Amino acid sequence: MHKVDVLLGLQWGDEGKGKIVDVLTPGYDVIARFQGGPNAGHSLEFNRIKHVLHTIPSGIFHSDKINLIGNGVVIDPVIFSRETEALEELDIKPRETIYISKKAHLILPSHRILDAASEVSKGDTKIGSTLKGIGPTYMDKTGRNGLRVGDTVQPGFLEKYNFLKNKHREILKQYEYHDDPENYEEEWFAGIEKIKSYKLIDSELFINNLIKENKTVLAEGAQGTLLDIDFGSYPFVTSSNTICAGACTGLGIAPTVVGEVLGIFKAYCTRVGGGPFPTELTDETGARLRKQGNEFGSTTGRPRRCGWLDLPALKYSIMINGVSRLIITKADVLTGFDTLKICTGYMSGGELLESLPFDTTQPLEPVYSEMKGWNTDISRITRYSDLPKEFTDYTGYIEKETGVPITMISVGPDRTATVFPPAER
Ligand code: GDP
Ligand code: IMO
Ligand code: MG
C-alpha cells in the first residue's frame, strides 16, 4: 500500500505550493485539497502562462489525475464556478476529474459579508483577512450551523439556507454593517447548480478505497503552518488546521497512512495581512525582495511584507508537521544580494529566545547569521552541480540546522525551473 504524501507551507503561506504540486503531480494518481478555501491562491506556470487556483487542486492541468476537494475545505460556489469556467476555456474538463466531498462546507454570501463586518469592527487590530468568508464559515462549521455540499441535493436546502442567512442578518445588525446577502444570491445559486453537476461523493470512503487499491495520493495544503489556527501567530491566523494533522481530519485518513511530509519554504519570508513577523524588513532591502520576488498576493493583489529567513520559525514548523523532506522555493530571488541574513534566534528583554513566544505582541529583535550571497543568475539552472557554491552553502546551512534534507530547489515560477539535488552530495 502506498502512503499519502502531504505537502505543506512552512511559513505564512504563498511558499510556492501550487508550482511544486504541479511539478510533482505526474508522480501521483490523486491530488487532494484538505483545508482552507478561496483564501488560497496557488499559482503555477507553464508555456509562459500563469494560472491561479483558489479551490481546485493544483493537479488539474494533468488530465489523467483525480482532483479531490476534501471535507475540510470550504467552498464558495461563485468562485468555484468561475474557476471551472476559466479552465473550460483552456479545454480542460474539470467535471471529469474533480470530485467534491459532500461534507465540505459552503461559504454563503452572508459569510463573506460577516467577514468584512468583523474586520471593520476590529479597526487597527484587524487580521487582514482575504475577506472570502473563511472565518465565519468555519465558525458555523464548529458551531454546528453550517451548510454542506451534500445538503444542496437534499430536500429543505432552501429553508436551511434562509434560516442561516437570517441568523447572519441579525448579527450584521449588531455590527451596524449595511450590505445584504440578497444582492449576491443570484450568482450564488447559479454556482450551487454548477456544483451539483459535479461528482459529489463520500470522499473519506473514496480516498480510503483508492489507498487500498495502491493508488498514490498527494495532499495539497493551503496557507502555511504559521497561519494554523492552533499553532500559528494567533489571532493573526486563518481558521483551519493548515498542518499535517489537518490532512487527516480534512480527508478522513488515518495518521498511519501518512507517508512523506514535504515542507515548502521560501528562501526568505513573506507575510500578507497583519500579525507578528520578526524578520520583516521595512527598509530598502525589504522593498528589493518584494520587487525581485514579485511579492504581491495571488488572491488579493496586496503587497506582501518581506524579510529574511527565520530559522527558529522554520524549525518549529518542521517539528509540528514531522517534515521529512524540505523544498526551497524562490531561490532565484536572492540573487545579487552581497550578504544574506538568516535569523537564528530573537532577543527579548535582554534574553535570547530560540522559538516564538506566546505573547506575539512582545517586541523581538532578530539575531542574524550572515552568509555571502551569489551574483550569477540561477534561474535557468537545471543541474544541481551548476549552482554557485554560495548557494549550496546557504542551503547546506539550512539542512544542517534543521536536520532535514532539501530534495527540491525552485529557481523560477515555471514548471521547468526546478532543480533536483542528488541524494548523495
Ligand atoms: P502558493 O500559495 O504557495 O501556491 O504560492 P503563490 O502562488 O501564492 O505565490 C508564489 C508566487 O511565486 C507565484 O507568483 C509563483 O508563480 C511564484 N514562484 C513560485 N516558485 C518560484 C520560484 O522559485 N522563483 C520565483 N521567482 N517565483 C516563484
Ligand atoms: P495560500 O494557500 C497567504 C492570511 C490572510 C490573513 C490571514 C487570515 O495562497 O498560501 P483568512 O482569509 O484566512 O481569514 O485570512 O491569513 N492568508 C494567507 N496568506 N497565503 C494564503 O494562502 C493565505 N490565506 C490566508 O492574509 O492574514
Ligand atoms: Mg498563495
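Computed from a predicted model, the values in this text were never measured in an experiment. Both ligands and their constituent atoms are indexed starting at 1 by order of listing.
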For ligand 2, which atoms have a heavy atom of A222 less than 4.0 angstrom away? 2 (O)
Taking NZ, NE, NH1 and NH2 as the nitrogens, is one of them in D14 or R304 under 4.0 Å from a carboxylate oxygen of the other? yes
Report, in ascending order of atom number, the atoms of ligand 2 lying under 4.0 Å from any heavy atom of W12. 3 (C), 19 (N)
Taking salt bridge (charged side-chain N to carboxylate O under 4.0 Å, His left out) as the definition, give me every residue that meets it alongside K132, ordered by chain and number, with sequence neighbours left out. none
Residues in salt bridge (charged side-chain N to carboxylate O under 4.0 Å, His left out) contact with D151, at least two apart in sequence or another chain: K160
Looking at T238, which atoms of ligand 2 are within less than 4.0 Å of one of its heavy atoms? 11 (P), 13 (O)
In degrees, rounded to 10 degrees, what angle do G41 atom O and D14 atom OD1 make at the Mg ion (ligand 3)? 170°
Distance filter under 4.0 Å to V272 heavy atoms, resulting ligand 2 atoms: 3 (C), 5 (C), 19 (N), 26 (O), 27 (O)
Any Lys/Arg nitrogen of E260 or K3 sitting under 4.0 Å from an Asp/Glu carboxylate oxygen of the other? no
Interfacing atoms of ligand 2 (cut-off 4.0 Å, heavy-atom, K17): 1 (P), 2 (O), 10 (O)
Is the shortest distance from a Lys or Arg side-chain nitrogen in E96 or K199 to a carboxylate oxygen in the other one below 4.0 Å? no
Side chain to side chain contact (heavy atoms under 4.5 Å, CB included) between D140 and T137: does it pass, once the steps are laid out? CA-CA 5 Å; D140 273 337; T137 306; 5.9 Å; no
List the closest protein heavy-atom neighbour of atom 22 (O) of ligand 2: residue, atom name, distance to the nearest 0.1 Å. Q223 NE2, 3.4 Å
Give me the nearest non-hydrogen protein atom to atom 12 (O) of ligand 2 as residue plus atom name, then the distance to 0.1 Å. T130 OG1, 2.6 Å
Evaluate D115 for polar contact with ligand 2, using N/O atom pairs at a separation under 3.5 Å. no
Ranked by distance from atom 8 (C) of ligand 2, the top protein heavy atom is V237 O, 3.4 Å
Tell me, yes or no, whether the heavy-atom count around R302 atom CZ, taken from other residues, nucleotides or ligands under 6.0 Å, exceeds 12. yes
What I want to find out is whether K165 reaches E170 closely enough, with some N-O distance under 4.0 Å, to be called a salt bridge. no
Side-chain donor-acceptor distances from residues 33-43 under 3.5 Å, at least two apart:
residue: R33; atom: NH1; partner: H54; partner atom: O; Å: 2.9
residue: R33; atom: NH2; partner: Q35; partner atom: O; Å: 3.2
residue: R33; atom: NH2; partner: G37; partner atom: O; Å: 3.4
residue: Q35; atom: OE1; partner: A222; partner atom: N; Å: 2.5
residue: Q35; atom: NE2; partner: Q223; partner atom: OE1; Å: 3.2
residue: Q35; atom: NE2; partner: S240; partner atom: OG; Å: 3.0
residue: N39; atom: OD1; partner: G37; partner atom: N; Å: 2.9
residue: N39; atom: OD1; partner: Q223; partner atom: NE2; Å: 3.1
residue: N39; atom: ND2; partner: T238; partner atom: OG1; Å: 3.2
residue: H42; atom: ND1; partner: E220; partner atom: OE2; Å: 2.7
residue: S43; atom: OG; partner: S298; partner atom: OG; Å: 3.3

Between the side chains of E280 and R305, is the shortest nitrogen-to-carboxylate-oxygen separation below 4.0 Å, so that they form an ion pair? yes
Any heavy atom of F236 under 4.0 Å from ligand 2? The part involved is neither
Numbered atoms and elements of ligand 2 in range of G128, under 4.0 angstrom, heavy atoms: 5 (C), 6 (C), 26 (O), 27 (O)
Verify side chain to side chain contact (heavy atoms under 4.5 Å, CB included) between I100 and L68, making sure each step is shown before the conclusion. CA-CA 6 Å; I100 307 174; L68 175 64; over 6 Å; no
Is it true that E187 and K194 make a salt bridge, defined as a side-chain N closer than 4.0 Å to a carboxylate O? no
Do the side chains of R169 and E182 get close enough for a salt bridge, i.e. N-O under 4.0 angstrom? yes
Can you list the atoms of ligand 2 that are under 4.0 Å from a heavy atom of A40? 1 (P), 2 (O), 9 (O), 22 (O)
Nearest non-hydrogen protein atom to atom 15 (O) of ligand 2, with distance, is S129 CA, 3.5 Å
Please confirm whether G41 approaches ligand 2 to less than 4.0 Å, judged on its heavy atoms. yes
Test log, rule side chain to side chain contact (heavy atoms under 4.5 Å, CB included), inputs L44 and I20: CA-CA 8 Å; L44 48 102; I20 299 297; over 6 Å; no
Closest to atom 18 (C) of ligand 2 (judged by heavy-atom distance), picking from N39, L227, I264, L131: L227
Close-contact set for ligand 2 against G273 heavy atoms, below 4.0 Å: 27 (O)
Heavy-atom contact check, 4.0 Å cutoff: does R271 meet ligand 2? no
Report the C-alpha distance between Y268 and L340 in whole Å, list the side-chain angles of each, state the deciding distance to 0.1 Å, and finish with yes or no for side chain to side chain contact (heavy atoms under 4.5 Å, CB included). CA-CA 9 Å; Y268 48 97; L340 302 173; over 6 Å; no
Which heavy atom of the protein is the closest neighbour of atom 20 (N) of ligand 2, given with residue, atom name and distance? D14 OD1, 3.1 Å
Can you pull the residues with any heavy atom under 4.0 Å from ligand 1? D14, E15, G16, K17, G18, K19, G41, H42, S43, K50, S298, R304, K330, D332, V333, S410, V411, G412, P413
